[in-house]
Every structure is written in C-alpha cells, then in structure tokens.
Student: 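Attaching a single structure in structure tokens format; questions to follow.
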Number of protein chains: 2
Amino acid sequence: MNRVLVVDDEPQIVRALAINLRARRYEVHTATTGAEALATAARNPPDLVILDLGLPDLDGVDVIRGLRGWSSAPILVLSGRSDSIDKVEALDAGADDYLTKPFGVDELLARLRALTRRAGSPESQPAVQLGRATVDLAARRVTYTDEDGVVDVRLTPTEWHLLEVLLRHPGKLLSQKQLLREVWGPGYENAQGNLRLYMAQLRRKLEPDPARPRYLLNEPGMGYRFDPGTDVRRH
Amino acid sequence: MNRVLVVDDEPQIVRALAINLRARRYEVHTATTGAEALATAARNPPDLVILDLGLPDLDGVDVIRGLRGWSSAPILVLSGRSDSIDKVEALDAGADDYLTKPFGVDELLARLRALTRRAGSPESQPAVQLGRATVDLAARRVTYTDEDGVVDVRLTPTEWHLLEVLLRHPGKLLSQKQLLREVWGPGYENAQGNLRLYMAQLRRKLEPDPARPRYLLNEPGMGYRFDPGTDVRRH
DNA sequence: CGCGATCCTGACACGGTCCTCACGAACACG
DNA sequence: CGTGTTCGTGAGGACCGTGTCAGGATCGCG
C-alpha cells in the first residue's frame with residue numbers, strides 16, 4: 001500500500017518528490033513521459049499515482065484513461081494550469097485530486113495521506129488474523145505464533161502484493177484476471193500458473209494446514225477469496 | 001447516494017450551493033453553525049459533506065472529528081484561508097478534499113463527482129434473499145442459514161452465470177433461448193437439456209424444497225423466471 | 001565473478017465440472 | 001384412454017482447472 005508512481009516532465013521536480021517520498025517510506029517509481037508512465041505502471045502496478053498534466057508526448061487526460069482502464073489506484077494530478085476546465089476534465093476522466101503549481105510539499109503529502117486513507121478504508125484495522133498467523137499491513141510484517149513463541153515469517157515482494165490485494169477485499173471473490181492485473185499488471189492476464197504458484201507459497205507460509213486451506217480459498221473456475229475466520233457479516 | 005450536507009456561516013453561499021446541487025438531483029440539507037451541522041447530520045445521515053471551516057461556534061477541525069466519529073462520508077472542506085497548515089490539519093483530521101475560496105462551481109461539482117465515485121464504488125451491496133439463502137452478487141458468495149448457523153454454498157461457474165442472469169431480471173420471464181444464448185453463447189440455443197439440468201442444480205442448492213420451487217419458477221412452454229419471494233403462498 | 005534469493009516456465013496427477021444420454025412423471029389434447 | 005410434448009432426475013465419460021514439483025532464467029549483492 002505504498003508504491004507510488006511519480007510522473008513529471010521536469011526531472012528536478014521528480015527528483016525532489018522522490019526524495020521526499022522515499023524519506024516517508026514510500027516505494028517510488030518515476031517516469032518523465034506519458035508512454036513511460038504507462039509502461040512503468042504496467043511493470044510495477046502502483047498503489048498511488050502523482051501525475052503532471054504537461055507531458056511532452058501524451059495528453060494527461062489520456063494517461064489517466066490509460067491507467068483507469070485496469071487500475072483503481074488513486075491519482076493526484078499536478079498542473080501549472082489553474083483553468084477550471086482543465087480540472088473538470090482531469091477529475092471526470094478518473095483523477096481523484098488536482099493540485100496547481102506551485103504547491104507546498106506539506107499540502108501534497110497531506111492530500112496523499114487523505115487519498116491512501118480512503119483507498120484502504122474498508123480495512124481500517126491494520127492487523128489481520130489468519131489462524132495462528134498475524135498480518136500487520138501497516139508495518140509490513142507477518143508473525144506466526146508457534147507452540148513455543150512467535151516467529152517472523154518472511155514474504156517476498158510479490159507474495160506481499162498478492163496477499164495485500166486479497167486482504168483488502170475480505171470475503172470477496174476475486175477472479176484470476178483481477179488478481180493478475182492488480183499484482184503483475186496488464187499483459188500478464190494469462191499467466192495463471194504464476195498465480196497458482198504464489199498462492200501455494202502464501203498458503204504454505206500462512207495456513208495452519210496448507211493442504212486444506214481455511215483462509216485463502218479457491219473456487220474452481222472462478223477465482224480466489226480471503227475468508228476471515230469468524231467474521232461479522234455486513235450488508 | 002445523493003444526500004448532501006452543506007455547512008457555511010454565510011447564508012447566501014449556502015443558498016447558492018443548495019440551488020446548484022438541487023438542480024443536479026442532490027438531496028440537500030443545510031446548516032450555518034457547527035452544532036447545527038452535527039445535529040442535522042445525525043438526523044439525516046449524509047452521503048457527502050461540504051463544510052466551511054470559518055464557523056462561528058466550533059473549530060472546523062472539531063466538526064470533522066465529530067462527523068468522523070460515526071460517519072465515513074466524504075468531506076469536502078471550503079475555506080477562505082489558503083495557509084498550508086490549515087489544509088494539512090483539516091485533511092489529517094479526516095477531510096477528503098480542500099478547496100479555497102473563491103472557487104468555480106464547475107470545479108466544486110467535479111470534485112464532488114470524484115469523491116462520490118470513489119466512495120460509492122465499494123458499496124452498492126446487492127444482496128438478494130431466496131428464503132433461507134442469501135446471494136451476494138458483489139462478493140460472489142452464497143450462504144444458507146441452517147437451523148444451526150450459516151453454511152457456505154458453493155456454486156460452479158455455470159451455475160453462477162445462470163443465476164446471475166435470472167437475478168438481474170427479477171420477476172421477468174426469460175425464454176429458454178434467451179437464457180441459453182446468455183449463458184452458453186449462441187450455438188447452444190437447442191441444448192435445453194442442459195438448461196434443465198443446471199436449473200435443477202440451482203434449485204437443489206438454493207430452494208428450501210427443491211421438489212416444489214418457490215423462487216426459481218418454470219412456465220411450461222415459455223421459460224423460467226426468478227420470483228423475488230414476496231412470500232405470497234400460491235396454490 | 002560467485003552466490004543466494006526471487007521469479008518464471010513446463011509437466012504431471014488428481015479431483016471437480018461440464019455435457020450427453022436415457023428414463024419416469026406430469027400435463028394437455030383428441 | 002392413448003399419444004405427444006415438456007419438464008425433472010439420475011448416471012456415465014470427456015474434459016478442464018488446480019495443486020505440486022523440478023529446473024532454468026534473472027536479479028541483487030558482496
């Protein structure tokens with residue numbers, strides 16, 4: 001929940017933002033053109049996008065549409081133009097916020113917090129229990145309480161990303177395509193063998209009995225779902 | 001998903017916003033003080049809040065906290081002050097957007113659309129009841145409330161597809177051809193045996209008495225219909 | 001350059017799902 | 001009462017999706 005894509009045609013602005021964000025524990029990827037932005041986003045699907053509208057190759061609105069085609073990550077638009085029409089177009093194309101230059105870094109960071117807060121809202125609780133395993137989304141940490149003490153469980157980046165997507169939609173069934181798009185980006189939608197493999201690894205590391213999963217469930221032909229053990233049904 | 005609470009101490013601004021919003025089919029409630037805002041919100045829980053920070057009685061941030069205590073509706077803050085510190089405080093207190101006066105109405109409306117778009121997407125839970133069975137289309141999950149607790153019911157992909165088509169047209173009669181074309185695609189329009197089989201499976205899994213269906217009904221020679229159980233005992 | 005961790009691909013066994021076929025029941029009609 | 005049609009139900013085999021393992025490619029790092 002902290003991978004940010006920064007897109008701006010002025011390298012010094014990108015650098016400045018990246019430094020600020022990395023200091024706040026964000027994982028930052030950058031791009032200076034629209035095409036590069038879409039390619040980078042596909043390779044490392046972001047949880048958050050900071051997008052300058054004045055790009056040399058593509059119209060900013062087209063970049064928004066390109067991202068919205070497969071990602072639902074919040075998009076914060078930066079722009080030098082303060083015309084009302086530009087803002088309306090960008091927001092209606094799928095952007096979530098619009099900030100005109102020059103801006104204060106404090107304000108930018110506050111708006112990013114507001115966006116991530118809402119994007120991750122359904123899961124306001126930072127720690128999720130899977131039997132004996134405890135997943136702390138905020139701290140990025142998994143512990144397993146064995147018979148004699150707590151043990152740290154190490155997850156690879158891809159395992160984290162997959163687990164995060166599942167845990168963010170408790171009880172909801174996610175199709176293979178959805179999962180592949182979220183974690184590996186579009187273009188990997190047919191790499192189902194991949195998904196099976198990482199699901200198996202997650203089960204091996206988290207489930208009490210990996211052979212018969214209780215939390216990371218599969219519905220044949222449909223997809224996967226995270227079933228919180230004793231959950232409060234809501235509607 | 002369209003009830004808006006407008007809070008501003010200047011009545012003419014409230015009036016102007018209310019007119020604009022009502023013209024766009026929003027249901028508008030208003031308040032001119034912080035206390036009144038909290039009271040009105042409690043009486044008519046809003047889906048969206050437009051809040052001016054310069055209120056006479058309460059600090060705006062306190063109003064935000066008061067709302068956030070029980071509501072997760074998006075809050076858009078209006079303010080005459082453009083200081084960075086004010087924005088950061090409001091956003092970190094739980095506001096979702098911050099707009100400084102003077103502002104364009106177009107921009108305000110576009111920001112409202114962006115907020116409702118994101119807040120409204122995870123909701124809209126269309127849970128359909130079929131007697132003791134509950135079908136959650138969004139989560140793709142079916143539960144059956146037995147004498148002793150809730151049991152998960154597993155449906156195969158084709159069963160889901162067929163059920164989905166039926167539930168999307170409540171009470172409407174659908175011919176065999178329509179159903180076959182929708183679920184199996186064109187070319188299978190004569191495989192009526194197929195349809196009978198899967199209808200039987202759905203009834204076995206969902207109906208209280210599969211031999212005498214109450215929800216998944218057949219009209220001989222015509223087709224099938226989903227009767228949303230208004231508990232009309234027919235005989 | 002070597003080493004470890006991570007990521008991806010291919011292959012196989014198993015279980016579930018899908019479809020076809022066949023038969024009995026209910027009903028309308030002459 | 002016989003006949004035809006339509007619907008419900010059961011059983012069987014072909015096929016697809018899933019879990020799992022092994023092995024190679026790639027990347028980061030000392």
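So that the names make sense, note that chain A is the first sequence line, chain B the second, and so on, each numbered from 1.
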Student: To the nearest Å, give me how far apart NZ (A:K205) and C1' (C:dA5) are.
Tutor: 10 Å

Student: Write down the distance between CG (A:L202) and P (D:dT20), rounded to a whole number of angstrom.
Tutor: 13 Å

Student: Between C1' on D:dA22 and CD on A:Q201, what's the gap in Å once rounded to a whole number?
Tutor: 13 Å

Student: By nearest atom, which of the nucleotides D:dG10, C:dC8, D:dT18 is closest to the B:L197 side chain?
Tutor: D:dG10

Student: What's the CZ-C1' distance between B:R196 and C:dA22, to the nearest Å?
Tutor: 11 Å

Student: Out of D:dG10, D:dT18, D:dC7, which has the shortest distance to the side chain of B:R204?
Tutor: D:dG10

Student: Considering non-hydrogen atoms only, spot the tightest contact between A:R140 and A:W160 and give its length.
Tutor: C-CZ2, 3.2 Å

Student: Please name the pair of heavy atoms, one in B:P74 and one in B:L115, separated by the smallest distance, quoted to 0.1 Å.
Tutor: CB-CB, 4.0 Å

Student: Output, in order, the C-alpha distance, side-chain angles, deciding distance and verdict of side chain to side chain contact (heavy atoms under 4.5 Å, CB included) for A:Y188 and A:R181.
Tutor: CA-CA 7 Å; A:Y188 276 76; A:R181 254 192 323 217; over 6 Å; no

Student: Considering every strand and a 4.0 Å limit on heavy-atom distances, what is the contact class for A:R212: base, sugar-phosphate, or nothing?
Tutor: nothing

Student: Please determine, for the side chain of A:P157, which listed nucleotide (C:dG16, C:dT20, C:dC7) has the closest atom?
Tutor: C:dC7

Student: Without decimals, in angstroms, what is the distance between B:H161 NE2 and C:dT17 P?
Tutor: 18 Å

Student: In terms of side-chain heavy atoms, does B:H161 have a donor or acceptor partner in B:E159 at a distance below 3.5 Å?
Tutor: no

Student: Using whole Å, report how far CD of A:Q192 lies from P of C:dC7.
Tutor: 19 Å

Student: Figure out the CG/C1' separation between B:N218 and D:dT5, and round it to whole Å.
Tutor: 13 Å

Student: Is atom CZ of A:R81 surrounded by more than 12 heavy atoms (other residues, nucleotides or ligands) closer than 6.0 Å?
Tutor: no

Student: Could you work out which one of D:dC7, C:dT17, D:dG19 sits closest to the side chain of A:R203?
Tutor: D:dG19

Student: Nearest to the side chain of A:P220 - D:dG8, D:dT18, C:dC19?
Tutor: D:dT18

Student: Base, sugar-phosphate alone, or nothing: which one does B:Q176 contact when heavy atoms must sit under 4.0 Å apart?
Tutor: sugar-phosphate

Student: Could you check how far CD of A:E207 sits from C1' of D:dG19, rounded to whole Å?
Tutor: 14 Å

Student: Between A:Q129 and A:T134, is any side-chain donor less than 3.5 angstrom from a side-chain acceptor?
Tutor: yes

Student: Assign A:G221 to base, sugar-phosphate, or nothing according to its heavy-atom contacts below 4.0 angstrom with the strands shown.
Tutor: sugar-phosphate

Student: Think B:R154 has a side-chain N or O under 4.0 angstrom from the OP1 or OP2 of C:dT17?
Tutor: yes

Student: Return no unless some side-chain N or O of B:T156 is found under 4.0 Å from OP1 or OP2 of C:dT17.
Tutor: no

Student: Any side-chain N or O of B:N194 less than 4.0 Å from the OP1 or OP2 oxygen of C:dT20?
Tutor: yes

Student: Tell me whether the OP1 or OP2 atom of C:dC18 has a side-chain N or O from B:W184 closer than 4.0 Å.
Tutor: no

Student: What nucleotide among C:dT17, C:dC7, D:dT18 has an atom nearest to a side-chain atom of A:Y224?
Tutor: D:dT18

